[in-house]
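Excluded from the calculations below are hydrogen atoms, water molecules and symmetry mates; all remaining heavy atoms, backbone and side chain alike, are included. In the text below, chain A, chain B and the rest are named by the order of the sequence lines, each starting its count at 1. Predicted, not measured: the structure shown is a model, and the values here were computed from it.
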There are 2 protein chains.
Amino acid sequence: MTQRPAGEIAVIFVSTVTGADSDGYAVAAAAMGALAETQPGYRGIDSARGVDGLGITVSYWADEAAAVAWRKNADHAAIRERGRGVWYESYSLHVAEIARSYDWRKA
Amino acid sequence: MTQRPAGEIAVIFVSTVTGADSDGYAVAAAAMGALAETQPGYRGIDSARGVDGLGITVSYWADEAAAVAWRKNADHAAIRERGRGVWYESYSLHVAEIARSYDWRKA
């Protein structure tokens, strides 16, 4: 969680889960986070899931090409298929270019 | 949670809370959500806070002018000041323009 440079790409993933195989989902989510960190152009991630089951993960990428390469990553694609089959009830995904950014921390 | 048109503005607010006055925070958060819905150019909101205290709220706006007007709204500004004083440990805020968007729902 930090200020981001203008021009970075934010990939906003909003999802609801079925509740099926929640242990498997937790393992896969951690593995995907670790894999994302190794990708060219990866800049960071923020993730939260509330008790109502709605989750938001925002990953940050240096540019469009980096975000698209992550989408096409084979391991990522395989886990996405499993997500559709088992873990996710629904999701939406928005790819957006950061225009400006701020941060604040209690002194 | 739905597909968004290209050109909409996503305001990504990532925060950690102090834990102080959590009841007051919940009331204020609900009031701000209700107020946002009445603003010109408001298009929607997604929000999640995990048990670790990290929260992500994404609000969607028709255009830059609508997002800026919401930032300048007097009630919103007042509650933001209270947030800095009491509820928030830290936050970051990214304003981003949506380039493309998808959604998926289990059949």
Side-chain angles (χ1 to χ4, degrees), chain A residues 1-18 20 43-61 63-64 67-68 71 80-81 83-107, chain B residues 1-18 20 43-61 63-64 67-68 71 80-81 83-107:
Chain A
M1 186 179 77
T2 181
Q3 192 175 14
R4 319 277 353 158
E8 272 192 10
I9 302 298
V11 177
I12 305 164
F13 181 73
V14 185
S15 65
T16 59
V17 289
T18 61
R43 291 293 181 266
I45 199 162
D46 291 312
S47 193
R49 185 171 300 279
V51 291
D52 63 354
L54 183 83
I56 303 177
T57 295
V58 185
S59 59
Y60 305 95
W61 300 89
D63 52 33
E64 267 283 324
V68 169
R71 177 163 62 86
R80 189 161 54 226
E81 281 310 299
R84 287 175 176 160
V86 178
W87 301 313
Y88 292 120
E89 182 64 33
S90 61
Y91 64 75
S92 59
L93 185 146
H94 318 300
V95 180
E97 181 176 339
I98 292 174
R100 54 186 189 279
S101 180
Y102 313 90
D103 65 358
W104 176 88
R105 180 168 297 274
K106 195 176 283 292
Chain B
M1 185 178 77
T2 180
Q3 190 175 15
R4 319 279 351 161
E8 272 193 10
I9 302 298
V11 177
I12 305 164
F13 182 72
V14 185
S15 66
T16 59
V17 289
T18 61
R43 291 292 181 266
I45 200 162
D46 291 311
S47 193
R49 186 172 299 280
V51 290
D52 64 354
L54 183 82
I56 304 177
T57 295
V58 185
S59 59
Y60 306 95
W61 300 90
D63 51 32
E64 266 284 323
V68 169
R71 176 163 63 86
R80 188 162 54 227
E81 281 311 299
R84 287 174 175 161
V86 177
W87 302 312
Y88 292 120
E89 181 66 33
S90 62
Y91 63 74
S92 58
L93 185 146
H94 318 300
V95 180
E97 182 177 337
I98 293 174
R100 56 187 188 279
S101 179
Y102 314 89
D103 65 358
W104 177 88
R105 181 169 297 274
K106 194 176 285 291

Checklist entry - Any idea which heavy atoms bring B:Q3 and A:S92 closest together, and the distance? => result N-CB, 4.5 Å
Item to check | Residue part contacting chain A, namely of B:I12, when any heavy atom lies under 4.5 Å | outcome: side chain
Next on the checklist: Looking at every non-hydrogen atom in both residues, tell me the closest pair between B:A48 and A:G50 and how far apart they are.
Outcome noted: CB-N, 4.0 Å
Next on the checklist: With a 4.5 angstrom heavy-atom cut-off, is it the side chain or the backbone of B:E8 that approaches chain A, or both, or neither?
Outcome noted: neither
Item to check | Segment of B:T18 engaging chain A (4.5 angstrom heavy-atom cut-off) | outcome: side chain
Next on the checklist: Other residues, nucleotides and ligands only: do more than 12 of their heavy atoms fall within 6.0 Å of CZ on B:R71?
Outcome noted: yes
Next on the checklist: Quick check for you: among B:W104, B:Y91, B:Y88, B:Y102, which has the greatest number of heavy-atom pairs under 4.5 Å with chain A?
Outcome noted: B:W104
Checklist entry - So which of B:I56, B:D103, B:I98 has the largest heavy-atom pair count under 4.5 angstrom toward chain A? => result B:I56
Next on the checklist: Counting C-beta onward and ignoring hydrogens, is there a side-chain heavy-atom pair between B:V58 and A:V14 closer than 4.5 Å?
Outcome noted: no
Next on the checklist: Once you measure the plane-to-plane angle for B:Y60 and A:H94, does it fall in the parallel (<30°), tilted (30-60°) or perpendicular (>60°) bin?
Outcome noted: perpendicular
Next on the checklist: Quick check for you: among B:R49, B:E64, B:R100, which has the greatest number of heavy-atom pairs under 4.5 Å with chain A?
Outcome noted: B:R100
Next on the checklist: Which atoms of A:A10 are under 4.5 Å from chain B, going by heavy atoms: the side chain, the backbone, both sets, or neither?
Outcome noted: side chain
Checklist entry - Rounded to the nearest 0.5 Å, what separation is found between the CE atom of A:M1 and the OG1 atom of B:T16? => result 4.5 Å
Checklist entry - Which bit of A:R84 is near chain B, if near means a heavy-atom gap under 4.5 Å: side chain, backbone, both or neither? => result both
